[in-house]
Amino acid sequence: MDIILYIAIFSIGIVFGSFFTLAVYRIPRKEDITHVRSHCTSCNHRLEFWDLIPLFSYIFLGGKCRYCGEKIRPRYFLLEIFSGLVFLGLAFSRGLSIEMPLVGFIDLALTYLFVAGTFIIAGIDKENFEIPNGLILYELIVGIIYTIFLYATGEKILSNIIGFVAIPLILFIVDYILKKLLKDESKLPFGMGDIKYMAVIGLFVGFGAEILTIVIALLITGIVLAIQCGIRKIHMEQIPFGFYLSIAANIVLIAMPLIKNIIDCIEMIIL
Ligand SMILES: [Zn+2]
């Protein structure tokens, strides 16, 4: 029975992924993400239902628009698969099964809602180097609901509150001091968008996991920069740190049940 549940979760993940690609394309362009029918971004032809089946349409159409033959960027296809895999990973790590108590289902559902935001933020930050405030607000609302849920089920929420307030405040102060010293805002380590994003991540995962997320994001950023500099000898350019924070947050969320002890340890050392 559980296998059906997991196939369903993977499918839901892919459908969500399909919506993420649409949101990533439309939100920065201030287009409606709920009503207007999808159209090919190259020839503007309205896309029919069968052009929009996640995964399958891309495979059967050979990665091209049916109407103008323009290549559809594989990035969208990959995002759909990744989304399905992340949904599956979260279900596995939390031991999803039919017999799971209701609390477990609610926990997982709220986690999916939060992860949805991280995917859209990742896509938009990667392409536009900005994290829209509307998405931060969305993550904040999901985070508040989740914290209330934790409190209602008897969990401690101190860690979530510290994650929301303290860590971003420290980073903000670091930024502020560096701004005074460097007298150049473009050289600051974190943008305001990144700090706000860290705050809502902290609210959802707690401050121990938040620190871990930031460390992983910095590591990935470092590795990517090293590779890029090695290959293209490029100059340091703008870094979509929100993109790396999203990846790190997803890794931490999936691994959460396994690394609970490490996270508790980080929190104990600091408090
Ligand atoms: Zn087209």
- Task: Begin from the C-alpha positions of Phe119 and Val86 and carry the test side chain to side chain contact (heavy atoms under 4.5 Å, CB included) through to its verdict.
- Result: CA-CA 10 Å; Phe119 264 81; Val86 166; 3.7 Å; yes
- Task: Determine, stepwise, if the pair Thr118 / Asn250 fulfils side chain to side chain contact (heavy atoms under 4.5 Å, CB included).
- Result: CA-CA 8 Å; Thr118 68; Asn250 277 290; 3.1 Å; yes
- Message: Could you go through Arg94 and Met256, starting from their C-alpha distance and side-chain angles, then the distance that decides it, and tell me whether this counts as side chain to side chain contact (heavy atoms under 4.5 Å, CB included)?
- Response: CA-CA 9 Å; Arg94 276 140 185 87; Met256 194 90 106; 3.9 Å; yes
- Item | Verdict with reasoning, Met100 to Leu5, per side chain to side chain contact (heavy atoms under 4.5 Å, CB included) | CA-CA 12 Å; Met100 202 169 163; Leu5 199 60; over 6 Å; no
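Pairs of residues two or more places apart, or lying in two chains, never qualify as salt bridge (charged side-chain N to carboxylate O under 4.0 Å, His left out) while including a residue from residues 212-221. Sorted by first then second residue, the ring pair (Phe, Tyr, Trp, His ring centres under 6.0 Å) pairs that include residues 252-271, not counting sequence neighbours, number zero. Pairs passing the ring pair (Phe, Tyr, Trp, His ring centres under 6.0 Å) check and including a residue from residues 240-265, sequence neighbours excluded, read Phe190-Phe241. Pairs engaging residues 155-178 under the side-chain hydrogen bond (donor to acceptor under 3.5 Å, both in side chains) rule: Ser159-Glu267 [sequence neighbours left out].
A search for side-chain hydrogen bond (donor to acceptor under 3.5 Å, both in side chains) contacts involving Asp264 returns Lys260, not counting sequence neighbours. For Thr41, the side-chain contact (heavy atoms from CB on, under 4.5 Å) criterion is met by Tyr25, not counting sequence neighbours. Annotation: side-chain contact (heavy atoms from CB on, under 4.5 Å) contacts of Val15 (sequence neighbours excluded): Pro54. In this structure Ser246 satisfies the side-chain hydrogen bond (donor to acceptor under 3.5 Å, both in side chains) test together with Tyr197, sequence neighbours excluded. For Glu70, there are no side-chain hydrogen bond (donor to acceptor under 3.5 Å, both in side chains) partners two or more places apart in sequence or in a different chain. Legend: residues meeting side-chain hydrogen bond (donor to acceptor under 3.5 Å, both in side chains) with Asn133, ordered by chain and number and at least two apart, are Lys196.
Side chains of Cys43 and Cys65 form a contact here, defined as non-hydrogen atoms less than 4.5 Å apart. Within the 4.5 Å cutoff, the side chain of Met198 has no heavy atoms near those of the Ile167 side chain. Within the 4.5 Å cutoff, the side chain of Ser93 has no heavy atoms near those of the Leu258 side chain. With contacts defined as side-chain heavy-atom distances shorter than 4.5 Å, the pair Cys40/Cys68 qualifies. Contact of the Phe87 side chain with the Ile14 side chain is not registered, since no non-hydrogen atoms from C-beta on lie closer than 4.5 Å.
Shown here for Ala91 and Tyr6, the closest heavy-atom pair between the two residues is O-OH, 3.5 Å. The shortest non-hydrogen separation linking Pro240 to Asp125 is C-OD2, 3.1 Å. The two atoms that bring Val252 and Ile259 nearest to each other are O-CD1, 4.4 Å, heavy atoms only.
For Ile3, the CD1 atom counts as loosely surrounded, since its 6.0 Å shell holds 12 or fewer non-hydrogen atoms of other residues, nucleotides or ligands.
In the hydrophobic clustering of ILVMFWY residues, with side-chain heavy atoms under 4.5 Å counting as a link, Met268 and Ile262 come out apart. Following chains of ILVMFWY side-chain contacts shorter than 4.5 Å, one cannot reach Ile270 starting from Leu169, and the two form parts of different hydrophobic clusters. Each of Ile269 and Ile266 belongs to its own hydrophobic cluster when Ile, Leu, Val, Met, Phe, Trp and Tyr are linked at side-chain heavy-atom distances under 4.5 angstrom. A chain of hydrophobic side-chain contacts below 4.5 Å, direct or via other Ile, Leu, Val, Met, Phe, Trp or Tyr residues, connects Ile4 to Phe105. Linking ILVMFWY side-chain heavy atoms closer than 4.5 Å, directly or via other members, places Ile254 and Phe92 in a single hydrophobic cluster.
Aromatic ring centres of Tyr146 and Phe114 lie farther apart than the 6.0 Å criterion allows.
With values rounded to the nearest 0.5 angstrom, Asp194 atom CG is found 9.5 Å from Leu171 atom CG. Rounding to the nearest 0.5 Å places CD1 of Ile12 at 12.0 Å from CD1 of Ile7. Atom CD in Glu48 sits 7.0 Å away from atom NE2 in His45 (nearest 0.5 Å). The line from CG of Leu110 to OG1 of Thr147 is 10.0 Å long, rounded to the nearest 0.5 Å. One finds the CG atom of Leu22 at 8.5 Å from the CD1 atom of Ile27 (value rounded to the nearest 0.5 Å). With values rounded to the nearest 0.5 angstrom, Asn128 atom CG is found 7.0 Å from Ile124 atom CD1.
Arg46 contributes no side-chain N or O that, together with a main-chain N or O of His39, makes up a donor-acceptor pair within less than 3.5 Å.
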Expected list for residues 77-85: side-chain donor-acceptor pairs under 3.5 angstrom, two or more places apart:
residue, atom, partner, partner atom, Å
Glu80, OE1, Leu55, N, 2.9
Ser83, OG, Gly13, O, 2.4
Ser83, OG, Gly17, N, 3.4

Under 3.5 Å donor-acceptor pairs involving side-chain atoms of residues 199-225, not counting sequence neighbours:
residue, atom, partner, partner atom, Å
Thr213, OG1, Ala209, O, 2.7
Thr221, OG1, Ala217, O, 2.6

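Relative ring orientation between Phe20 and Phe16 is described as perpendicular, the plane-to-plane angle rising above 60° on a 0-90° scale split at 30° and 60°.
Paired with Leu113 under the rule side-chain contact (heavy atoms from CB on, under 4.5 Å), one option of Ile145, Val142, Leu108 passes, and it is Val142.
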